[in-house]
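Structure record follows, encoded as structure tokens.
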Amino acid sequence: MSERTDIPKPEGEYFESERFGGLSILLALVAFVAIVLSVVGAVIDTTQFAHSWLFAFAVFFTLCAGCFFWAIVHFAVDAEWTVVVRRQLENIAVLMLPLAILFIPVLVLRHHLYEWMNTPVGADPVLDSKRQYLNWNFFLIRAICFFLFWIVASQLLRRLSILQDKDGNPAFTLKLRKLAFVSLPLFAFCLTFGACDWLMSLNYKWFSTMWGVYIFAGAAGSSMSLLVLVITALRKAGYLKDVVTLEHYHIMGKWMLAFSVFWAYIGFSQYMLIWYANIPEETQYFIARNTESWWYLSLLLVLGRFFIAFGILLMRFVKKNPGELAGIAIWIICMQILDMYIIVLPALHGTGVHVSVWDFTSLIAIGATLAFIYLRIVGRSSMFPVRDPRLIESLKLVN
Amino acid sequence: MRTPSGHKVYAMAAEYPTPHALYEAAKAVRDAGFKRWDVYSPFPIHGMDDAMGLGKSWLSAVVLAGGITGLLTAVILEFGPSWILYPLIVHGKPYTWRTVPAFFPIMFEATVLFSAFAAFFAWQIMNGLPRWYHPMFNWERFKRVSNDGFFLAIEARDPRFTEIEARELLERTGGQHITIVHED
């Protein structure tokens with residue numbers, strides 16, 4: 001029922017990689033320097049570096065996994081509005097392949113991260129009762145399986161979607177839907193157990209049954225924020241001007257709002273049940289994070305990730321203003337970084353915040369590497385699926 | 001305004017064959033500057049609020065007020081007795097403001113409950129409900145509105161309403177079965 005008549009050309013829009021050659025070289029340079037510094041850090045301050053790297057990995061892993069989630073949900077529920085922004089979700093999701101390579105330092109430095117790997121059999125009955133799950137061989141096999149799934153599924157997702165750009169055959173949509181149905185439960189499985197393996201087992205005595213959902217909630221909200229940022233940046237560069245409208249921004253803003261609430265709901269449920277039951281092996285996690293200087297960061301996380309984000313996103317005009325929504329998106333991603341920091345670093349500095357230079361070099365190393373690869377990927381296909389059967393409906397979106 | 005036979009006039013109404021025709025007609029009526037008029041259809045039509053020139057609804061503000069009322073109610077009813085009036089140690093938990101995690105679920109529920117009440121009642125009032133009878137049903141054809149009829153009515157209480165102008169406008173936009181609808 002909209003009055004839109006300016007349907008984009010069937011050739012689609014292409015990112016001119018040459019135009020951003022300078023940015024690409026800069027990112028490569030930054031990534032190279034940061035990786036060299038990281039190697040130095042790994043040698044001179046191994047334990048601190050291992051935690052910093054795991055923290056940085058967790059930030060970018062959750063962002064990419066979240067984008068993969070949104071892409072498969074799009075096909076599983078046959079969504080309309082996502083069509084115009086979907087290609088960017090696919091482009092970010094395929095970054096799982098470089099992420100798998102960037103995960104190798106965690107495997108190499110495992111003895112500095114995971115206490116249970118150094119504890120001999122028989123030393124701790126609590127650990128011995130968990131040995132069938134927490135042992136190095138199984139840990140490695142699981143990590144390989146998880147990444148194998150994410151790499152295969154994200155690559156397949158993007159390949160099939162790009163093939164459809166050529167002829168617009170709706171059979172690809174049906175194939176992708178089947179892929180999405182298979183991927184959804186596998187995604188939930190891999191994310192939950194990945195989160196338990198890599199983050200929860202930093203303290204093998206602690207456990208939370210809501211851990212997987214908690215990580216997912218943060219991942220989905222922050223990756224939607226990342227999508228807003230990527231789309232806004234592309235529009236600033238002059239792309240997708242006629243394709244993505246304020247209506248799309250409005251929906252992305254609604255999802256950011258929804259997942260701010262969902263994150264708070266899950267995070268609070270996890271906290272309240274442990275706080276109320278008051279069992280030492282469960283409360284130790286929050287005692288470390290709610291005492292000394294960690295308390296201020298935990299407070300900032302609760303205020304920033306929920307109360308501030310929720311209060312601002314509740315207003316409709318913010319969601320319909322790309323500039324303001326991008327500002328909130330940056331804020332939410334900063335909060336996601338803080339969330340991962342509070343999860344990983346207290347495992348090392350239980351007595352208080354100890355900011356290290358390797359926290360920053362790790363973040364920059366992984367971030368710049370992925371941004372560089374993203375710039376290489378984004379130019380290889382049209383910036384939106386030009387022959388998707390639901391493209392017109394997505395363009396005419398009104399909500 | 002009354003008809004020659006003495007009936008009070010409610011509106012000048014017309015039927016449209018398709019949702020699209022109704023949508024286009026709504027835009028024409030909006031541009032003609034009428035304020036008191038409405039469209040009727042069996043299902044919601046996308047973009048109709050823009051076509052009718054309706055601004056943002058006040059409902060969200062009322063719901064926000066309801067939510068804040070609910071939150072404050074829960075805060076007072078929980079902290080009042082447990083922190084100020086009868087401070088007791090329950091389950092080994094503190095009885096200062098630090099016991100707030102135990103109170104959050106109730107705060108959340110009360111916020112949701114009061115928001116829902118505010119939304120329900122404000123929505124009823126904004127739609128002029130409850131009412132026993134709507135004047136549009138004085139028109140026999142209007143009974144199809146819940147089946148396959150698309151209607152537009154320009155109400156007589158609109159300051160710009162004249163019988164001739166309203167009829168002309170409805171004719172120009174492709175309205176069929178144009179008629180005067182009586183108030184009673």
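A, B, ... follow the sequence lines: proteins, then strands. Residue 1 opens every chain.
- Annotation for A/Phe268 and B/Pro101: closest pair CZ-O, 3.1 Å, computed over non-hydrogen atoms.
- The aromatic rings of A/Tyr276 and B/His91 lie perpendicular to each other, with more than 60° between the two planes, well past the 30° mark.
- Here A/Asn278 contributes atom CG and B/Lys93 contributes atom NZ; the two are 4.5 Å apart, rounded to the nearest 0.5 Å.
- Counted within 6.0 Å of OH on B/Tyr86, heavy atoms from surrounding residues, nucleotides or ligands total 12 or fewer; the atom is thus considered open.
- Atom CZ of B/Phe117 has 12 or fewer neighbouring heavy atoms from other residues, nucleotides or ligands inside a 6.0 Å radius.
- In terms of heavy-atom proximity, B/Pro94 sits nearest to A/Trp275 at CD-CZ2, 4.5 Å.
- No more than 12 heavy atoms of other residues, nucleotides or ligands lie within 6.0 Å of OH in A/Tyr265, so this atom counts as exposed by the packing criterion.
- Considering only heavy atoms from C-beta on, A/Arg316 stays 4.5 Å or farther from B/Ser60 through its side chain.
- Atom OH of A/Tyr296 has 12 or fewer heavy atoms from other residues, nucleotides or ligands within 6.0 Å.
- More than 12 heavy atoms of other residues, nucleotides or ligands shown are found within 6.0 angstrom of CD on B/Glu165.
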